[in-house]
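Accompanying notes for the structure given below.
All values reported here derive from a predicted model rather than from experimental measurement. Only this structure's heavy atoms are used, side chains among them; waters, hydrogens and symmetry mates stay out.
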Amino acid sequence: MAIFNRVVVVIVGLTILAGAIVVLLVATGVGTADVLLYGWFEPQLNHVLGSIEISIAISIAVILGMIAMLVFEFRPLQKPPPLLISSTEEGIVIIDADSICMLAESTAAVIHSVRDVRCRVRESTGGLVISCRALVILGSNVVEIGAEIQRKIKEAIERLIELPVVQVNVKVRYESIEARRLLVQ
């Protein structure tokens with residue numbers, strides 16, 4: 001879904017950029033409204049060009065904004081830096097935050113009534129802060145499940161990775177009835 005969203009944003013950004021360039025060309029007199037785009041948008045362009053100075057200023061602002069947005073959109077997503085587990089004379093041991101997320105998710109997924117879990121990890125001054133979104137069966141005791149998720153994730157990460165866990169934040173959502181019906185059928 002993220003790739004689809006990026007493609008849509010790029011297409012919309014390029015369309016807006018092209019429109020702003022056309023308005024700028026017509027406003028500065030480089031092109032005419034009837035020649036550009038075969039006269040398809042001549043009435044709209046003439047309406048927009050009521051005040052030439054304002055049209056030029058807005059066009060330049062939109063062009064710069066769209067170029068900046070496209071630059072940010074094409075910039076690769078940065079992964080968080082790996083976390084240091086230990087450093088000795090023999091070398092260092094590091095782990096990716098994605099691996100910690102996988103461990104937290106698989107630990108919480110085995111809890112009764114939990115359908116799905118998605119976690120994010122960030123490093124704070126005292127240790128790790130883990131935020132999880134859990135999908136649970138409708139009618140489950142949210143307080144008990146939340147506390148069990150917190151306890152098990154904290155224990156698993158501190159025991160297996162030996163990094164301190166400061167907080168485990170859990171956001172619980174009940175599974176929709178429609179999704180449950182699809183599972184039964």
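- If you take CG on L83 and CG on L128, they are separated by 6.0 Å, rounding to the nearest 0.5 Å.
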Please table the atom pairs, donor to acceptor, closer than 3.5 Å between any side-chain atom in residues 21-30 and protein atoms at least two apart or in another chain.
unit_1: T28; atom_1: OG1; unit_2: L24; atom_2: O; d: 2.9
unit_1: T28; atom_1: OG1; unit_2: L25; atom_2: O; d: 3.2

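- With sequence neighbours left out, the side chain to side chain contact (heavy atoms under 4.5 Å, CB included) criterion links R122 to S124, V129.
- At a threshold of 4.5 Å between side-chain heavy atoms, the hydrophobic network of Ile, Leu, Val, Met, Phe, Trp and Tyr places I16 and V8 in one connected group.
- Put simply, CZ on R6 and CD1 on I11 are 13.5 Å apart, with the number rounded to the nearest 0.5 Å.
- The salt bridge (Lys or Arg N to Asp or Glu O under 4.0 Å) pairs that include a residue from residues 156-169 are K154-E158, where partners are two or more places apart or lie in different chains.
- The distance from atom SG of C132 to atom CG of D116, rounded to the nearest 0.5 Å, is 11.0 Å.
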Mind listing the side-chain donor-acceptor pairs of residues 97-112 below 3.5 Å, one per line with the distance, residues two or more places apart or on another chain?
unit_1: E105; atom_1: OE2; unit_2: C119; atom_2: N; d: 2.8
unit_1: S106; atom_1: OG; unit_2: M102; atom_2: O; d: 3.1
unit_1: S106; atom_1: OG; unit_2: L103; atom_2: O; d: 3.1
unit_1: T107; atom_1: OG1; unit_2: L103; atom_2: O; d: 2.7

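- Considering only residues two or more places apart in sequence or on other chains, T88 meets the side chain to side chain contact (heavy atoms under 4.5 Å, CB included) condition with E90.
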For this session: Run the numbers on V117 and L135 for side-chain contact (heavy atoms from CB on, under 4.5 Å), then give the verdict.
Result: CA-CA 6 Å; V117 179; L135 181 66; over 6 Å; no
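- Note that CD1 of I85 and CD1 of I95 are 4.5 Å apart. Values are rounded to the nearest 0.5 Å.
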Could you list the donor-acceptor pairs under 3.5 angstrom formed by side chains in residues 138-147, with sequence neighbours left out?
unit_1: S140; atom_1: OG; unit_2: S113; atom_2: OG; d: 3.4
unit_1: S140; atom_1: OG; unit_2: I137; atom_2: O; d: 2.7
unit_1: N141; atom_1: OD1; unit_2: V143; atom_2: N; d: 3.1
unit_1: N141; atom_1: OD1; unit_2: E144; atom_2: N; d: 3.3
unit_1: N141; atom_1: ND2; unit_2: E144; atom_2: OE2; d: 3.3

Exercise. Please walk me through it: do V170 and V168 pass side-chain contact (heavy atoms from CB on, under 4.5 Å)?
Worked result: CA-CA 6 Å; V170 180; V168 178; 4.1 Å; yes
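- Annotation: the span from R133 atom CZ to R118 atom CZ amounts to 12.0 Å, rounded to 0.5 Å.
- Checked against side chain to side chain contact (heavy atoms under 4.5 Å, CB included), I58 has the following partners two or more places apart in sequence or in another chain: I54, V62.
- I94 belongs to a hydrophobic cluster with L84, I92, counting contacts under 4.5 Å between side-chain heavy atoms of Ile, Leu, Val, Met, Phe, Trp and Tyr, direct or through other members.
- Not a single side chain to side chain donor-acceptor pair (under 3.5 Å) links Q167 to another residue, sequence neighbours left out.
- In terms of heavy atoms, G126 sits closest to V166 at C-CG2, 3.3 Å.
- Atoms CD and CG, from Q150 and N169 in turn, are 7.5 Å apart once rounded to the nearest 0.5 Å.
- Take E123 and apply the salt bridge (charged side-chain N to carboxylate O under 4.0 Å, His left out) test, not counting sequence neighbours, and it matches no residue.
- Hydrophobic clustering (ILVMFWY, side-chain heavy atoms < 4.5 Å, transitive): F4 and M69 are in one cluster.
- Taking the salt bridge (charged side-chain N to carboxylate O under 4.0 Å, His left out) definition, one finds that R151 meets it with E155, sequence neighbours left out.
- The side chain to side chain contact (heavy atoms under 4.5 Å, CB included) test applied to V10 returns L14, L70, E73, F74, not counting sequence neighbours.
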